[in-house]
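Notes follow the structure.
In this text, all values refer to a predicted model and were calculated from it rather than measured experimentally.
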Amino acid sequence: MGFKYAWSSWSLLVLVFAAEFALHGFSYGEKAPNYSFIQEATSAPIVSFYDYIVIGGGTAGCPLAATLSRNANVLVLERGGSPYVNTTKIRKENFLSTLTDRSPDSFSEAFISEDGVANDRPRVLGGGTVINAGFYSHAETSFLKQNGMDEALANDSYEWVERKLVHKPVVLQWQSAVTDGLLEAGVVPNNGFTYDHINGTKIGGSILDGNGNRHTAADLLEYADPKRIKVYLHAVVHNIVFTTKVGSRPKAQGVIFYDAKGARHTAFLKSGSRSEIISSAGAIGSPQLLMLSGIGPAPQLEALGIKVVLNQTLVGQGMADNPLNGLIIPSPVPVELSLPEIVGITELSNYIESASGFDFSALSVAQSPANFNQVEKSPMASQEAMDNSPTNLGFIVEKFNGPISEGYLELQSTNVSDNPKVRFNYFQAPEDLRKCVQGVKTIINVVNSKSYSRFRYSNTTTQDLLNMMASMSVNLRPRHPNSTVSLEQYCIDTVMTFWHYHGGCQVGKVVDRDYKVFGVDRLRVIDGSTFNFSPGTNPQATLMMLGRYMGRRILQSRGK
């Protein structure tokens, strides 16, 4: 069922990369910034005091902390290490190997949802911007309106990020063919290069520059006042400490964190109503931390022996993940190494993106080349495709706005290092499944377009491609006999993550529009856990904007 590739020829792939970079004069990394304020948590005092304590130095946490440090003393506690230690790991050609690295000190931590879909959590300064595919695009205007955000301040915050990180990609032949294929498939108009979220096909921004170097949210710390900020690495926050008095609201007082050697540290807020703890630990980390600190559904907390500070039943609810479905297409000619540079936004709000030139076997749940050898059995596979290189491949994928389907997050233990139980309930809403089918149909139209024809074997059918994808171990879900003849079943059986999971501390349910946690004082959550839907085609731009935006808003409230 499919095609024969030399999936394990990684050494050959490295040689190809090396030749490509020598040919184009690419360099292997840039000089890391000299951040004197970033240190290992082992150097932290046992007790310390700050105006703001930011839990998580990720996509939102870094711009937030950098902004707050201009007029306040800020502590950032990051559970992972630094992306600057080995910048080769975050270069474009190492995207998949870094994302799927399962070593103890990797930048990516795997978890498998209760849906049987493999996912990843970042654990590194810079968060998801260190391990993502790099595509940069603004949110739709409805996101700003729904969250009551000032459009002028939001746009200014986007620009603040873009000055430091974002680049216009150079679109080469394979991505150009996908672009023209989208236009041929009716995803019009051609909007050229823009950050705006508008229907049609466009070139977006990228945090990967023309030399393949990645620029992450950690780079935004260059905006920080080095005298007013301290960033500790490998600092694992176990819980937030509250003061509780009968008849008054619980008040956040400090956090307890542990360093890499297991030593305990406590960071307290300075006295004064304007000092705050801000969780930017992400869509998994923030609801988990609130629960471990006693804010969450009382029955669940009590069952684990956690003292209930506030019975908040909506913490951990509304978890959602944008499903990824698509096709891997073998090419009869070499394709460039590319991550998403263009996107097609359909009238039904499907988002079509693509990548090429990688060994996509790394996306297998088992990550074993043997799983992909199953595809040798297909009598429909052409000899040309069987002889293809493992990197002469394109991957065209779709997601859609929302999604409507939601699930939940629950603690499995009181150990913060244990991943909680997460269920996203992919395609539970019929509308989500309908949109997925429309998105896959658009991908098929692109692959069948005249514009794309040179990158597809003439004797490879759409059915061949569907069969190949359905045979791969892309998740742990059961396969059904009709998964390649029913696009509905194909969506359900071959679903993967777009790594755009969100929810758990949503605006209007757990936090207000200023991201303050309902029912307690001096505590906010500012990250993707607050989203009711994933903004834009890719949320990283909006997360970095949100960190900057809320930093400005918080300083304004201090009269600064």
Side-chain angles (χ1 to χ4, degrees), residues 35 37-41 44 50 52-69 74-83 107-109 111 120-132 216-221 224 229-240 252 254-260 265 267 269 276-293 295 315 409 416-417 419-420 499 501-505 510-511 515 517 523-531 539-540 542-551 554:
Y35 289 143
F37 51 84
I38 298 179
Q39 299 173 8
E40 287 291 324
Y50 293 87
Y52 294 99
I53 301 171
V54 178
I55 304 168
T59 310
C62 284
L64 172 67
T67 301
L68 291 174
S69 75
V74 181
L75 171 66
V76 179
L77 299 171
E78 168 53 48
R79 71 184 184 125
S82 167
F107 296 159
S108 178
E109 178 183 12
F111 72 95
D120 299 272
R121 298 174 61 185
R123 52 177 176 195
V124 59
L125 187 68
T129 63
V130 177
I131 61 173
N132 68 15
T216 76
D219 295 1
L220 297 172
L221 292 172
I229 189 171
K230 183 69 70 174
V231 179
Y232 288 126
L233 303 175
H234 299 109
V236 180
V237 176
H238 281 229
N239 63 282
I240 301 166
V255 300
I256 296 171
F257 67 97
Y258 287 76
D259 63 32
H265 306 258
L269 292 176
E276 292 179 325
I277 294 171
I278 304 171
S279 180
S280 294
I284 305 298
S286 283
Q288 179 188 27
L289 183 59
L290 260 59
M291 291 183 190
L292 290 173
S293 304
I295 299 176
V315 173
L409 177 151
V416 70
S417 297
N419 279 313
W499 300 277
Y501 52 87
H502 54 278
C505 297
V510 176
V511 300
Y515 300 90
V517 177
L523 178 63
R524 299 190 204 227
V525 178
I526 300 176
D527 58 26
S529 71
T530 66
F531 292 166
Q540 71 163 343
T542 303
L543 282 165
M544 288 187 281
M545 177 277 287
L546 179 64
R548 169 63 174 175
Y549 180 99
M550 285 308 301
I554 292 169

Met544 CE to Thr542 OG1 distance, which is reported to the nearest 0.5 Å | 9.0 Å

Side chains of Trp499 and Asn132: donor-acceptor distance under 3.5 Å anywhere?
-> no

Compute the centroid of each ring, for Tyr258 and then for His238, and state whether the two points are separated by less than 6.0 Å.
-> yes

Is a side-chain donor or acceptor of Glu78 paired with a backbone partner of Ala235 at a separation under 3.5 angstrom?
-> no

Which heavy atom in Thr216 sits nearest to a heavy atom in Pro83, and how many Å separate them?
-> OG1-CG, 4.4 Å

Heavy-atom closest contact (Gly127 atom, Pro122 atom, distance) = C-CB, 3.4 Å

Heavy-atom pair with the smallest gap, counting every atom of Ile229 and Ser69 | CB-CB, 3.9 Å

Under the salt bridge (charged side-chain N to carboxylate O under 4.0 Å, His left out) rule, collect the residues that match up with Asp219, sequence neighbours excluded.
-> none

Distance only, no hydrogens: is a donor on one side chain within 3.5 Å (strictly under) of an acceptor on the other, for His234 and Asp259?
-> no

For Met291 and Leu409, run side chain to side chain contact (heavy atoms under 4.5 Å, CB included): C-alpha distance rounded to whole Å, both residues' side-chain angles, the deciding distance at 0.1 Å, then the answer.
-> CA-CA 10 Å; Met291 291 183 190; Leu409 177 151; 4.0 Å; yes

Verify side chain to side chain contact (heavy atoms under 4.5 Å, CB included) between Thr530 and Val510, making sure each step is shown before the conclusion.
-> CA-CA 8 Å; Thr530 66; Val510 176; over 6 Å; no

Spacing of CD1 belonging to Ile526 relative to OH belonging to Tyr515, to within rounding of 0.5 Å | 8.0 Å

If you look only at distance, which donor and acceptor atoms sit under 3.5 Å apart when one is on a side chain in residues 52-61 and the other is two or more places apart or in another chain?
residue	atom	partner	partner atom	Å
Tyr52	OH	Arg274	O	3.4
Tyr52	OH	Arg558	NH1	3.3
Thr59	OG1	Gly128	N	3.4

Student check: side-chain heavy atoms of Val237 and Val416 closer than 4.5 Å | no

Least distance between heavy atoms, Leu269 atom then Ala252 atom = CD1-O, 3.6 Å

Within the side chain of Thr67, is there an N or O that forms a donor-acceptor pair under 3.5 Å with the backbone of Gly551?
-> no

Distance (rounded to the nearest 0.5 Å) between Glu276 CD and Ile554 CD1 | 5.5 Å

Which value, rounded to the nearest 0.5 Å, describes the distance between Leu77 atom CG and Ile277 atom CD1?
-> 9.5 Å

If you round to the nearest 0.5 Å, how far is CG of Asp120 from CZ of Phe111?
-> 7.5 Å

Answer yes or no: is there a side-chain heavy-atom contact under 4.5 Å between Val231 and Val74?
-> no

Roughly how far apart are Cys62 SG and Leu125 CG, rounded to 0.5 Å?
-> 4.5 Å

Student check: side-chain heavy atoms of Glu109 and Asn419 closer than 4.5 Å = yes

Any side-chain heavy atom of Gln540 within less than 4.5 Å of one from Met545?
-> no

Side chains of Asp527 and Ser280: donor-acceptor distance under 3.5 Å anywhere?
-> no

Closest non-hydrogen atoms of Ser82 and Leu233, given as atom of the first, atom of the second and distance, are CB-CD1, 3.8 Å

Kindly determine whether Phe531 and Leu543 satisfy side chain to side chain contact (heavy atoms under 4.5 Å, CB included), including the steps that lead there.
-> CA-CA 10 Å; Phe531 292 166; Leu543 282 165; 3.6 Å; yes

Please check if the side chain of His265 supplies one atom and the backbone of Ala44 the other of a donor-acceptor pair under 3.5 Å.
-> yes

Using atom types as modelled and distance alone, determine if a side-chain donor or acceptor of Tyr232 lies under 3.5 Å from a backbone N or O of Leu75.
-> no

Locate the shortest heavy-atom distance separating Ala65 from Val76; write the atom from each residue and the value.
-> CB-CG2, 3.3 Å

With no hydrogens and no angle check, is any side-chain donor or acceptor of Ser286 less than 3.5 Å from a backbone partner on Ala283?
-> no

